[in-house]
Amino acid sequence: STSTLIGPDNVVRSHLPDINLPTNVPFHQFLFEKCDQYKSLVAVEEFSNGQSYTFGQLKEKAIRVASGLHRLGYRKGDVISVFSTNHINYSVLMFACAATGVWFSAVNPLYKEDELRYQLVHSNSKAVFTTASFVSTVTAAVRHKGIQIKDLFVFGEAEGFRPFQTLLDDDGRMFPDVDINPVEDVFVLPYSSGTTGLPKGVMLTHYNCMANCLQIAASLHTSPEDRVIGLLPLFHIYGMIVVQFTVLLGGSSVVYLPKFEPETFLSCLQNKKITLAHLVPPLVVFLAKHPLVSQYNLTSLRTILCGAAPLGSEITSEFQKRFDKTTINQGYGMTELSPVASLDTTNTAGSIGHLVVNTLAKIVNQENQTLPPGGVGEICVKGPQVMKGYYKNKQATDEMIEPSGWLHTGDLGYFTKDGILFTQDRLKELIKFKAFQVPPAELEALLLGHPDVQDVAVLGVPDLECGELPKAFVVKKPGSKVNEQELVKYVEDRVSPTKRLRGGVQFIEEIPKTASGKILRRVIREKYL
Ligand code: 4UU
């Protein structure tokens, strides 16, 4: 019976039996084996121009690029940053990094100069890869002391940037035979603010990434008949691992789009006969409600996976009215979990489903005591997908992961007697605007730099369409006449569009804090929201 998923200690297991996860296979070896297996099938494609690579070409190009990187002096442990929208060479570069042991750090391409610079400096990146449209932001960001950038590469052409084509043209003879320890060696370094503070580099090893690909594949099967839409950005863990890699494993193909645009999105689903679409809640809302949708034939859509923010049961049922032959599965995870912890394959609306294979979860109260089914508390996860740690931040790592391996997610939730999980709220301070991370600490630091701001706290206000909108509670300096518009504009000029103060600014007398100076966000929430 399913109740056996819950142990006497109230630890929950997956409904699926554990699988074997090899600890001695570097990620690129794993990928290259799949490339050999599916050689002549199309792996990646661009919707805008139809350019594509087969699995065989993907491997061949990755080998050339890896050789080219090695020739230029890039070695295991060096970090490169990619500041780009989705396209097929993004995948080539990732494969190449895996093979050389170079850490792949991805940056949100909508970032402004200061946001980009922060990540480049923090990650000690030696190179930046970008597209022609973002070269001015990159040029501005690297014009700064403390930047160690050696090479600037462009997918395409731009003055002062080395064309990526020069790496693709490499003869491949310098392809290195790198000794990689999959369990220890980092493959990707995405950034996440986690439960508190500024964005931090999340060290995911070769093993973390491969494990999660196999864990996802055990719940969500894909085959060479599947065509997947690559709309979610590859810089975010959801696009990077779940969309890009798990689908490639099944011999499916991914069709990349550089950004969301209603007609293009719908034409892609229709013309490419997409069978599997990885989405976030606002995109499910779009499919469920938008009038344009009925002008397209979307009958090829077999499955939707939705994650990165809560998907309400009302939206699910509205979606199912329009798409009665499409299954909608919700996934739950976080960057620090490579990312997937659970996937709903039972069609339980509002649920985040069962744990993926080889994963344990428990719900704890504030005293870190484990709660029985139905009890609401913090979701903790243990498994092969738990990150190695935050880069150069042992304290934040130790605050999140217990010595016994349990990772505290900062999310509130509960599980049923059948071992099905539900999320309820977020314990952590993180705000999610349309599933994009908005770290309040980042906006607070920025606003504290404004001459009229004495003190500030940023919180998310609930919003039906976008999930949450960042809102600032501001204490003005004595005598200041600063107004809401000025502060909204101040933030807008300095951060990416997803972090704008769309929830506005409210001026208050004092920011409630603990004795140690920590903002009492719950008190602000209860008093003002
Ligand atoms: C309520 O968003 C992600 C990972 C997304 C993901 C996971 C499994 C997508 C598909 C999939 O199958 O990572 P981060 O690091 O940007 O944000 C993590 C946070 C979580 O801690 C939680 O607060 O995003 C929130 N979150 C969700 N909340 C993620 N998924 C859900 C969800 N319901 N389904």
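Each residue takes its place number in the sequence, starting with 1. Order of appearance sets the numbers: ligands from 1, and atoms from 1 within every ligand.
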| note | Checking heavy atoms under 4.0 Å, the part of Leu305 that sits near ligand 1 is side chain
| query | For Gly239, does its backbone N or O pair with a side-chain atom of Gln244 as donor and acceptor, under 3.5 Å? | reply | no
| message | Given 3.5 Å as the limit, does a donor-acceptor pair link the side chain of Thr359 with the main chain of Val357, or not? | response | yes
| Which segment of Tyr238 sits under 4.0 Å of ligand 1 when only heavy atoms are counted | side chain
| task | Could you find the nearest protein heavy atom to atom 7 (C) of ligand 1 and give me its residue, atom name and distance? | result | Gly333 N, 3.3 Å
| request: Report the nearest protein non-hydrogen atom to atom 1 (C) of ligand 1: residue, atom name, distance rounded to 0.1 Å. | output: Pro310 N, 3.3 Å
| said: Using heavy-atom distances only, which candidate in Ser342, Pro190, Gly353, Gly331 approaches atom 34 (N) of ligand 1 most closely? | reply: Gly331
| Does NZ in Lys527 sit with more than 12 non-hydrogen atoms of other residues, nucleotides or ligands closer than 6.0 Å? | no
| said: Counting non-hydrogen protein atoms only, what is the nearest one to atom 16 (O) of ligand 1? Give residue, atom name and distance. | reply: His236 NE2, 2.7 Å
| said: Taking 4.0 Å as the limit for heavy-atom contacts, which would you say applies to Asp411 with ligand 1: side chain only, backbone only, both, or neither? | reply: side chain
| request: Please answer whether the main-chain N or O of Leu120 pairs with a side-chain N or O of Ser81 as donor and acceptor at a distance below 3.5 Å. | output: no
| query | Does at least one non-hydrogen atom of Val242 fall below 4.0 angstrom from an atom of ligand 1? | reply | no
| message | Looking at ligand 1, is there an atom of it that comes within less than 4.0 Å of some heavy atom belonging to His278? | response | no
| field | His122 and Tyr391 aromatic ring geometry - parallel, tilted or perpendicular at 30°/60° bounds | value | perpendicular
| Would you call Asp226-Arg302 a salt bridge at under 4.0 Å N-O? | yes
| So which heavy atom in the protein is nearest atom 25 (C) of ligand 1, and how far is it from that ligand atom? | Ala308 O, 3.8 Å
| said: Taking CD in Glu465 as the centre, count heavy atoms belonging to other residues, nucleotides or ligands within less than 6.0 Å. Is the count above 12? | reply: no
| What part of Ala309, side chain from CB on, backbone N/CA/C/O, both or neither, has a heavy atom under 4.0 Å from ligand 1? | backbone
| query | What residue and atom, counting heavy atoms only, is the protein's closest point to atom 11 (C) of ligand 1, and at what distance? | reply | Val340 CG2, 3.7 Å
| field | Nearest candidate to atom 2 (O) of ligand 1, where distance is taken over non-hydrogen atoms, out of Met334, Arg426, Lys432 | value | Lys432
